[in-house]
Amino acid sequence: MNTVDVSGNSRFTTSAPFRWIIIFPILLYCCSSLTPTGNKEPADYHYLITLTGLHEDSLTFSLSIQKPVSLTLPCHFFDNPLYTVSDDVIRDLLIIDADGSMLDTLCRLEKIGPVQNKVIELPQTASYPVTVTYKLNTAAYFSDSTTRLPPIQINDSLMYLIGSTCFVLPYSPGSLVEFWRSPVQYSLEVQSKIPVFGIPSSSFSCATTYELLFIQMISGKQPVAKSYAAGMEVSFFNFSNIDCSSDDYLTVSTHFSGIMDVLSQKFGSFRGDTYTICFNMKGGGLEGSFGFTMLPPNTSTTNGFYEVLVHEALHNFIGIRCGDYDDPWWKEATATYLGMVIAVRQGLYVKESFREKITKEVYFADSSRFRIPLSDPWLRENMFPENVHALVYDLGAKVTMLLDLQIRIASENRYSIDDVTAYLTRHFDNAAFHRHDLLAAFQLHGNADISEIFSLYIDSTGTVPSEELLQQTYFKLDSLHAFQ
C-alpha cells in the first residue's frame, strides 16, 4: 500500500479540646487544598470537531495539547486492511502556542506498524497549551477491491470518517501495541449544525489511542431502522448501493436487539446512550468504538450475515476495549468463534452451516506463506498487508473451539470460552493483557490443561487440527449443549 511520502527533515510553517484546636486548622487547610470536582484538570488531548455542512471545507479539526509531545499525522494503521493514500491527507495545518505564536516544526518519517507516518516535532520554546488546527483531504484516500474498506468521504450529501484517517495523534517510540493500548486522556467535542452519528454524544472521551482510531462518524442520511437494546438507542444507516425492504431492516434491527441484550449480560455494558450500525461495505465488517460498519442486510440464516453482525458487536469488548500484548490471534479468532456460536444460539445461523464451517480442515493453497505461529508478533502488523489474515480467522476460530471444549471438560461444563473471554474483557477494560494473564484466566475457570493446544496450534508453525479432531470436538461440545 502507498502512504504519504516525505523524505528527510522538513519545516512546517494532644487533651481532647486541645487536640481539636490543633486538628481543626489542619483539616480546614487540607479541605481547602482539594481540587473541586467541578474543576477537573483538562484532558491531555482535547479534540474539537466543527462541522457546518457536508463539504470538506466545512469540517475542521482542532487539537489542544497540554504538554510537550511529538505528533503523528494520519493515516494510521488500525489493525485492519490498509487504505491506499495518494497524497497528503491533511491540509491547512496550523500550529499555534499559548502566546499566539505560529510554530515552525520539524518533520520526519517513522514506521508505526506497517505504515510510514509523518511525525512532527514541536519546538522546545513553545508555550502550552498548543493548538493544532487542520482540515482533511479525503480525495487522498481510496479503497480498492481487495481491501473492501468503506470509502472515506465528505461531500454534498454524505460523510463517513474513521478515526484512523482523520486524527492527529501523540507519538512516542515503542511497540505498536504500546502505541495503541497505553492509557491516554482524550476528550472530544463535536459541534455540528447537522446530525452526526457514530458517536455516543456531542462530548465524550476515549481511554486509549486504539479506541480513538475506531471511531466512525457518519452524517447525511436518516436511519433506515431503529431499535432499543442494552439501554441504548440503536440506529441503522444504509450507505451502500443496495436497497433492502423496510421489513428486512426491521427484521435485522429486531434480531440485533436480542444480540445486544445477550452480549451486555455476559460482557458488560456498552458505552453511551446511542449505537450506530452503517451498511457500507462489500463484504464482512469493520468494528467500531460506538458502533460498526458491515455489509448490507441479508436475513437468511444460512449465509453468515448474522455471524458477522455478532462478530462486530463482540469487538466492542474483544479488541476495542480489551486487547492483548502477546497473542495477536486472540481478538479475531475469539470474535469469529463466538460470533458463530452466539448466532447459532440465537437461532440466526443454521447449526449445520456452522458445523460445516468450523469442522472443515484448514487448508491453504500456498501453504508456505501460512507457516506462521498464531502467536507470532509478526502477524499483528502484517496479517492484512501480507494477506495471511485467514490464518487467524479460520485456524484461530478452530483452535478457540478446541479450547472451549477443554474448559468445559475441566470445569464439568460450568465454564466455557465465553466465561474466560468475559473475565478478560472485564478485568482488562481500557487495557491489554499478557500471555500469563490469559493462562491465569483459564486456570480460574476450571484449570483446564491447555498446554498441548498452545504448544501444537498456537506457538508452533504449520500444525493444524485434523478434520477428524474438529468433528469430534464439535459433537462433544454439542452434547454439552454448547450451542444452545
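For the pair Leu314 and Ala335, the tightest heavy-atom approach, listed with the atom from each and the gap, is CD1-O, 3.9 Å. Closest approach of Leu348 to Tyr306, counting heavy atoms only: O-CD1, 3.4 Å. Nearest heavy-atom pair across Leu149 and Pro81 is CD1-O, 3.4 Å. Taking all atoms of both residues into account, the shortest heavy-atom contact from Thr209 to Val184 is OG1-CG2, 4.2 Å. When all heavy atoms are compared, the tightest approach of Ile162 to Phe78 is CG2-CE1, 3.9 Å. Between Leu338 and Val310 the shortest heavy-atom distance is O-CG1, 4.4 Å.
No side-chain donor-acceptor contact under 3.5 Å links His311 to the backbone of Glu307. Side-chain atoms of Lys221 come within 3.5 Å of backbone atoms of Asn238 as a donor-acceptor pair (strictly under, hydrogens ignored). One N or O on the side chain of Glu56 and one on the backbone of Thr138 form a donor-acceptor pair closer than 3.5 Å. At distances below 3.5 Å, at least one donor-acceptor pair connects side-chain atoms of Glu178 with backbone N or O atoms of Ser175. Checking side-chain atoms of Asp97 against main-chain N and O of Tyr128 turns up no donor-acceptor pair under 3.5 Å. Between the side chain of Gln216 and the main chain of Glu287, a donor-acceptor pair closer than 3.5 Å is present. Side-chain N or O atoms of Arg321 include none that pairs as donor or acceptor with a backbone N or O of Ser289 at under 3.5 Å. Put simply, the side chain of Asp437 gets close to the backbone of His434: a donor and an acceptor are under 3.5 Å apart. His315 places a side-chain N or O within 3.5 Å of a backbone atom of Ile318 that can act as its donor or acceptor partner. A donor-acceptor contact shorter than 3.5 Å is absent between the side chain of Asn117 and the backbone of Pro74.
Sorted by first and then second residue, the side chain to side chain donor-acceptor pair (under 3.5 Å) pairs with a member in residues 255-264 read Ser227-Ser257; sequence neighbours excluded.
For the residue pair Ser203 / Ser201, no side-chain donor-acceptor distance below 3.5 Å is found, with atom types taken as modelled. Between Ser205 and Gln185, the side chains place no donor N or O within less than 3.5 Å of an acceptor N or O (distance only, hydrogens not considered). Side chains of Glu233 and Tyr228: a donor on one and an acceptor on the other come within 3.5 Å. Using modelled atom types and a 3.5 Å distance limit, the side chains of Thr293 and Asn280 yield no donor-acceptor pair. With hydrogens and angles left out, the side-chain atoms of Asp327 and Trp329 include a donor and acceptor closer than 3.5 Å. Side chains of Asn155 and Ser157: a donor on one and an acceptor on the other come within 3.5 Å. No donor-acceptor contact under 3.5 angstrom links the side chains of His46 and Gln66, judged on distance only.
Under the 4.5 Å side-chain criterion, counting only non-hydrogen atoms from C-beta, Leu51 is not in contact with Lys193. Contact check for Thr131 versus Leu63: no side-chain heavy atoms found under the 4.5 Å cut-off. Within the 4.5 Å cutoff, side-chain heavy atoms of Gln346 are placed close to those of Val262. Two residues are said to be in side-chain contact when any heavy atoms from C-beta on lie closer than 4.5 Å; Tyr349 and Val341 fail this criterion. Side-chain contact check for Val132 versus Ile65: some heavy-atom pair is nearer than 4.5 Å. Side-chain contact between Trp378 and Ile372 is present, with at least one heavy-atom pair separated by less than 4.5 Å. Proximity of Tyr171 to Pro173: side-chain heavy atoms (C-beta onward) are separated by under 4.5 Å at one or more points. Within the 4.5 Å cutoff, the side chain of Pro297 has heavy atoms near those of the Tyr249 side chain.
Taking the six-membered ring wherever Trp is involved, the centroid distance between the rings of Tyr186 and Tyr45 falls below 6.0 Å. Close placement of the Phe270 and Tyr275 rings is indicated, their centers lying within 6.0 Å of each other. Tyr325 and Phe433 have their aromatic ring centers separated by at least 6.0 angstrom. Ring to ring, Phe279 and Phe239 are not that close: their centroids are 6.0 angstrom or more apart.
Aromatic ring orientation, Phe292 versus Phe256: perpendicular (interplanar angle above 60°, classes split at 30° and 60°).
Within 6.0 Å of CG in Asp99 there are more than 12 heavy atoms belonging to other residues, nucleotides or ligands.
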- Item | Worked check of salt bridge (Lys or Arg N to Asp or Glu O under 4.0 Å) between Lys331 and Asp79 | CA-CA 10 Å; Lys331 170 189 169 184; Asp79 210 9; 3.3 Å; yes
- Query: Can you check salt bridge (Lys or Arg N to Asp or Glu O under 4.0 Å) on Lys118 and Asp88, steps first, answer last?
  - Reply: CA-CA 10 Å; Lys118 284 182 178 179; Asp88 287 345; 3.0 Å; yes
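A salt bridge is absent between Lys135 and Asp92: the closest approach of a Lys/Arg side-chain nitrogen to an acidic carboxylate oxygen does not fall below 4.0 angstrom. Ion pairing of Asp324 with Arg435 is absent here, as no side-chain N (NZ or NE/NH1/NH2) approaches a carboxylate O to less than 4.0 Å. Salt bridge Asp326/Arg380: absent, no basic N to carboxylate O contact under 4.0 Å. The existence of a salt bridge linking Glu121 and Arg108 is confirmed by a sub-4.0 Å separation between a basic side-chain nitrogen and an acidic carboxylate oxygen.
Taking Phe267 as the reference, Phe317 meet the ring-ring contact (aromatic ring centres under 6.0 Å, His included) condition, with sequence neighbours excluded. For Phe61, the ring-ring contact (aromatic ring centres under 6.0 Å, His included) criterion is met by Tyr134, Phe167, not counting sequence neighbours.
Checking Asn298, Asp247, Val224, Thr299 one by one against Val252, the side-chain contact (heavy atoms from CB on, under 4.5 Å) holds for a single residue, Thr299.
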